[in-house]
Visitor: 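If you scroll down you'll find the structure; I have some questions about it.
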Amino acid sequence: MKNIFLATFLFFGIVASAQTHQLVLHNGIVQNVNFIKQNDSLLFYSDFDSQEQKLISAHAVAYLKNLKTEEQIDITSKTVINDKKEYLKVTLVDHVDQVQGLKEVDSFNGYLNKAKGISKWEQYENTERAVRYRAAAKGYPFVFIIKNANGSFKAIAYNY
């Protein structure tokens, strides 16, 4: 009988203290989660009712709040782009996982900027710059570029 009470107490104690953190997103959404770890630009967490590990981009998270100690850890600051001149603020995302939690808002297609006498690397840099200009003109802070084999690309823009 003593063991049953001890097991019941431990079970309810663990469940009650399971939600350890709050994720506050840049778009205003607050999520109570079990924070696991931060790796590069990704945050790994699980929901309180699930053991499934989920991930979200650090770009989408404003701060992480520890509910037990009330400690608040700033993850990223919100990027606001007002003008085409602020094209350097546009973040080119390397991998599709880094846009988890962001909202896809636009996509545009084009061809890699080809000019005679420049290397493929310079061609790609020129294309990146053109995509950044285009995204900044519309106020989009994040862009993911997909290169195709035929020399074309598709750029997908994301916002909070």
Side-chain angles (χ1 to χ4, degrees), residues 18-68 70-115 118-160:
Q19 292 183 358
T20 59
H21 290 82
Q22 265 185 348
L23 284 176
V24 180
L25 306 180
H26 286 293
N27 61 5
I29 296 173
V30 177
Q31 295 178 337
N32 290 328
V33 299
N34 298 324
F35 177 67
I36 299 172
K37 66 179 178 176
Q38 181 177 1
N39 186 8
D40 295 331
S41 62
L42 296 173
L43 289 137
F44 295 89
Y45 68 94
S46 65
D47 289 330
F48 71 95
D49 58 346
S50 169
Q51 294 297 322
E52 178 185 358
Q53 181 174 320
K54 297 181 181 181
L55 60 104
I56 190 167
S57 171
H59 300 299
V61 180
Y63 61 89
L64 181 69
K65 183 177 180 182
N66 188 334
L67 295 176
K68 291 181 181 177
E70 297 297 321
E71 180 184 4
Q72 182 173 315
I73 302 166
D74 291 331
I75 305 296
T76 58
S77 58
K78 188 171 184 174
T79 305
V80 178
I81 299 174
N82 298 318
D83 193 2
K84 186 176 182 178
K85 294 176 184 176
E86 297 177 341
Y87 75 96
L88 290 175
K89 289 183 179 180
V90 175
T91 302
L92 294 176
V93 180
D94 298 334
H95 197 268
V96 72
D97 283 342
Q98 294 176 348
V99 294
Q100 295 291 327
L102 297 173
K103 183 174 53 174
E104 182 178 329
V105 289
D106 197 3
S107 66
F108 37 91
N109 299 318
Y111 288 94
L112 295 174
N113 292 334
K114 295 181 181 179
I118 64 172
S119 68
K120 288 185 179 185
W121 176 253
E122 290 171 318
Q123 289 175 1
Y124 187 68
E125 282 182 338
N126 291 340
T127 301
E128 281 182 348
R129 188 171 25 262
V131 167
R132 282 183 172 184
Y133 276 130
R134 201 164 171 183
K138 295 183 178 184
Y140 303 142
F142 306 103
V143 177
F144 178 59
I145 300 175
I146 302 168
K147 293 182 280 186
N148 298 327
N150 63 356
S152 65
F153 70 88
K154 180 179 181 180
I156 303 170
Y158 293 89
N159 207 343
Y160 298 108

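If you read the sequence from its start, that first residue is 1, and numbering goes on from there.
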Visitor: Would you mind reporting whether Phe48 and Asn32 have side-chain heavy atoms less than 4.5 Å apart?
Guide: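 Not touching, per the 4.5 Å side-chain cut-off.
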
Visitor: Pair up each side-chain donor or acceptor in residues 127-139 with any protein partner under 3.5 Å, not counting sequence neighbours, and list the distances.
Guide:
unit_1 : atom_1 : unit_2 : atom_2 : d
Thr127 : OG1    : Asn113 : N      : 3.0
Thr127 : OG1    : Gln123 : O      : 3.0
Arg129 : NH2    : Asn126 : OD1    : 2.7
Arg132 : NE     : Val90  : O      : 3.4
Lys138 : NZ     : Asp106 : OD2    : 3.0

Visitor: Please determine whether the number of non-hydrogen atoms from other residues, nucleotides or ligands lying under 6.0 Å from atom CZ of Phe108 exceeds 12.
Guide: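 It does: Phe108 CZ has more than 12 such atoms within range.
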
Visitor: Could you walk me through whether Phe142 and His59 pass the ring pair (Phe, Tyr, Trp, His ring centres under 6.0 Å) test, one step at a time?
Guide: CA-CA 9 Å; Phe142 306 103; His59 300 299; 4.9 Å; yes

Visitor: Closest approach of Gly101 and Ala60, non-hydrogen atoms and distance?
Guide: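 Closest heavy-atom pair between Gly101 and Ala60: O-CB, 3.7 Å.
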
Visitor: Which pair of heavy atoms, one from Val99 and one from Val96, lies closest together, and at what distance?
Guide: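 Closest pair (atom of Val99, atom of Val96, distance): CG2-O, 2.9 Å.
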
Visitor: Report yes if the side chains of Leu23 and Leu64 come closer than 4.5 Å at any heavy-atom pair, otherwise no.
Guide: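 Contact flag for Leu23/Leu64 side chains = yes.
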
Visitor: Would a distance-only check, ignoring hydrogens and angles, find a side-chain to backbone donor-acceptor pair under 3.5 Å from Asn66 to Lys68?
Guide: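 Flag set: sc Asn66 to bb Lys68 pair under 3.5 Å.
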
Visitor: Measuring from Gln100:CD to Leu42:CG, what's the distance to the nearest 0.5 Å?
Guide: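 Here the interatomic distance stands at 8.5 Å.
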
Visitor: Indicate yes or no: at least one non-hydrogen side-chain atom of Leu43 is less than 4.5 angstrom from one of Val33.
Guide: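 Heavy-atom side-chain distance check fails, nothing below 4.5 Å.
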
Visitor: Could you state the interatomic distance from CG (Leu55) to CZ (Phe44), rounded to the nearest 0.5 Å?
Guide: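 Nearest 0.5 Å value for the CG-CZ distance: 5.5 Å.
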
Visitor: Indicate yes or no: at least one non-hydrogen side-chain atom of Gln31 is less than 4.5 angstrom from one of Gln22.
Guide: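 No, every pair of side-chain atoms sits at 4.5 Å or beyond.
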
Visitor: Would you sort out whether Gln38 and Ile75 count as a side chain to side chain contact (heavy atoms under 4.5 Å, CB included), showing the intermediate values?
Guide: CA-CA 10 Å; Gln38 181 177 1; Ile75 305 296; 3.9 Å; yes

Visitor: Please list, one pair per line, the donor and acceptor atoms closer than 3.5 Å that link side chains of residues 147-160 to other protein atoms, with sequence neighbours excluded.
Guide:
unit_1 : atom_1 : unit_2 : atom_2 : d
Asn148 : ND2    : Ser152 : OG     : 3.1
Asn150 : OD1    : Ser152 : N      : 3.1
Asn150 : OD1    : Ser152 : OG     : 2.6
Tyr160 : OH     : Thr79  : N      : 2.9

Visitor: Could you tell me the separation between the CZ atom of Phe144 and the CG atom of Asp97, rounded to the nearest 0.5 Å?
Guide: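 It is 9.5 Å, given to the nearest 0.5 Å.
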
Visitor: Could you tell me the separation between the CD1 atom of Ile56 and the CG atom of Leu102, rounded to the nearest 0.5 Å?
Guide: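 If I round to the nearest 0.5 Å, the distance is 8.0 Å.
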
Visitor: Regarding Glu70 and Lys65, does a basic nitrogen lie under 4.0 Å from an acidic carboxylate oxygen?
Guide: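 Looking at Lys65 together with Glu70, the answer is yes, because their closest N to O distance falls below 4.0 Å.
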
Visitor: With a 3.5 Å distance limit and no angle check, can you tell me whether Thr76 reaches the backbone of Ala58 through a side-chain donor-acceptor pair?
Guide: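 Present.
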
